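Counting starts at 1 for both ligands and their atoms, in listed order. These numbers come from a predicted model, not from an experiment.
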Amino acid sequence: MCAGIQVAIGENIERIYKQNCQNLGLLTSTNFALIDRIRAGEEIALSEFTAGEDEITRQVIEYGGLFPFNVARMQGKVFLPPIETSARAMTLAEKIFAAHMLPAASETAVPTRAVKPGDTGFTRVDLRFSHEYVTPMASIFYEQNVGRNVPVNDASSIRFFRDHLTFLDEVISEEKKKMGLLDLATQLKLKQEDFAKQQGIKLHGELADRKGSEGICHSVMLETYALPGQVNVGSDSHTPHVGAIGCIAFGIGTTDVFNSWITKDVRVKLPESVKIVIRGKRHPNVTAKDFILKILSLDYVRSGKALAKVMEYAGEAVEALSVDERATMTNMAAEIGGFTGIVAPDEKVVEFLIERRGMKRAEIEKMIEGLESDRNAEYAQVIELDAAEITPMVATPGDPGNGKYIRELNARVPIEIAYGGTCTAGKNEDMDMYASVLADALKHGKRVSKNVEFWIQFGSQETREYSKRKGYIEIFEKAGAHVIEPSCGACINAGPGVSTRPEQVVISAQNRNFPGRSGPGQLYLASPLTVAASAVAGYIVEYAPSNASDLILT
Ligand code: SF4
């Protein structure tokens, strides 16, 4: 918009981007015929950009953006169509939305009783968070449109995070420094700190006594804040991470972040759900990461049919996973292109909340009552997998959907860097996995291969403390791994562990491997067990659990 762009036309337009454009008053279309008409100077009716949109979206576009629409909404000047869906069998996601959708007439009236895919409206949100990439722009919108001294709506349910760029100064090139990019990155941090202080918003920032962050946003939200049955929104595509606890959590754009600070709600179109059932028992060297890489490789997902849908994971093999492991799968609903990922809360969630938050069992059991899909709930698709058929996987460089069984790799793949960390693989249970492999290696007189640099980065200080208590840090260091404080770091080419040459091969437990994201190298995605075993072997291998006579299966 600053560059004077008024219309964006593309073959397809991603949900968060599209909603951001609508919220800003920037028109979008997939109709390429418009290009010649615009070039010819023809006047195009606004209705060409609102065709096929729901009633609320049409009004947002016609008002010129979400902020002017919301101002009119608060003045009672706009018409919010009521959700009139009659009682029906619902999925877990639909039930949570039904309890959160605002009624049309009064925001304090009885909540909507039933919803169906396609219903539109505003959902109340329990928790909102953003990180230093997004908070500054949203706060500038807020200060310009609302006023610096006007308090945000319920600061106590907003969180900020300094996590993405904490280690940027260690890897940024001299050339980029000369362009002023490091200074700009520092400005992001400072602006977020200033707005947090001004508004009394809790900021999980940098450590006072050493370099590093308190934690990555998703890690801290799962460990500390999100609760079953809630609706959470965050300024990041991996916000679905906390769906592992049985809540609806989805990523929103900067404009929705800014508007949610005023209204404490977010505009949604109710998504369809896909049920992914994994039956049976997994092999001991197979993890949630292998499950999700398998799911990402399925035709249904690769052909885009799962886009913008809720991924509901179920079945015996999912029930057997801990909350940390389930979070790997809900987090990577983002790679599927899904609206979010969710697992129905059960005894594992009860135990997690007792152990990690000190909550009372009776309180949690009451909270999760009824939080399950109805037996006859409708799904866009049900996918069934057998855990016993899944062996350790990698996604070959370029796309998380390039899943392959390690045993089907054509040739040995030597690696130079192994990286274990990020929101996806920097949790307590991920540390258990790195530690078990490295302890095994030490027991067999092995260490990290001399050809490999192995970086282990915690997702949060809580995980660092856990690793310290368990004696893992000692194991990591003894085995030759570099241990680093929490931050997104190498995941976004902003910290130790990034590749520096195109031919460099990296194996990482992070969630995405798009070209260039973590440096110019060739990045394979894999589970924490595979990453650690490969770091020891010096090439990509499946991990053979501890009672095997040799550490490595070739
Ligand atoms: S660790 Fe990576 S995927 Fe996770 S929030 Fe940070 S940048 Fe995003």
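- In the vicinity of T422, heavy-atom distances shorter than 4.0 Å reach the ligand 1 atoms 1 (S).
- Residue contacts with ligand 1, taken as heavy atom pairs separated by less than 4.0 Å, do not involve H131 at all.
- For the pair R159 and Y225, the cation-pi criterion (under 6.0 Å, within 45° of the ring axis) is fulfilled.
- Between Y434 and F454, the two ring planes are perpendicular [angle over 60°; tilted spans 30° to 60°].
- A salt bridge links E206 with K189: the distance from a Lys NZ or Arg NE/NH1/NH2 to an Asp or Glu carboxylate oxygen falls below 4.0 Å.
- A salt bridge links D324 with R356: the distance from a Lys NZ or Arg NE/NH1/NH2 to an Asp or Glu carboxylate oxygen falls below 4.0 Å.
- Ring centers of F160 and W261: under 6.0 Å apart, within the cut-off.
- Atom 6 (Fe) of ligand 1 has C488 among its coordinating residues (N/O/S atom, backbone or side chain, under 2.8 Å).
- In this structure, R124 does not pair ionically with D265, as no charged nitrogen and carboxylate oxygen lie closer than 4.0 Å.
- The contact set between ligand 1 and H218, taken as ligand atoms under 4.0 Å from a residue heavy atom, comprises 5 (S).
- One finds no salt bridge joining E132 and K191 here, because no Lys/Arg side-chain nitrogen approaches an Asp/Glu carboxylate oxygen to under 4.0 Å.
- Numbered from 1 in the order shown, with element, the atoms of ligand 1 that lie under 4.0 Å from a heavy atom of C491 read 1 (S), 2 (Fe), 3 (S), 7 (S).
- Within ligand 1, the atoms closer than 4.0 Å to a non-hydrogen atom of N511 are 3 (S), numbered from 1 in the order shown.
- Regarding atom 4 (Fe) of ligand 1, its nearest protein heavy-atom neighbour is C423 SG, 2.3 Å.
- At a heavy-atom cutoff of 4.0 Å, ligand 1 is contacted by the side chain of I492 but not by its backbone.
- Neither the backbone nor the side chain of Q457 comes within 4.0 Å of ligand 1, counting heavy atoms alone.
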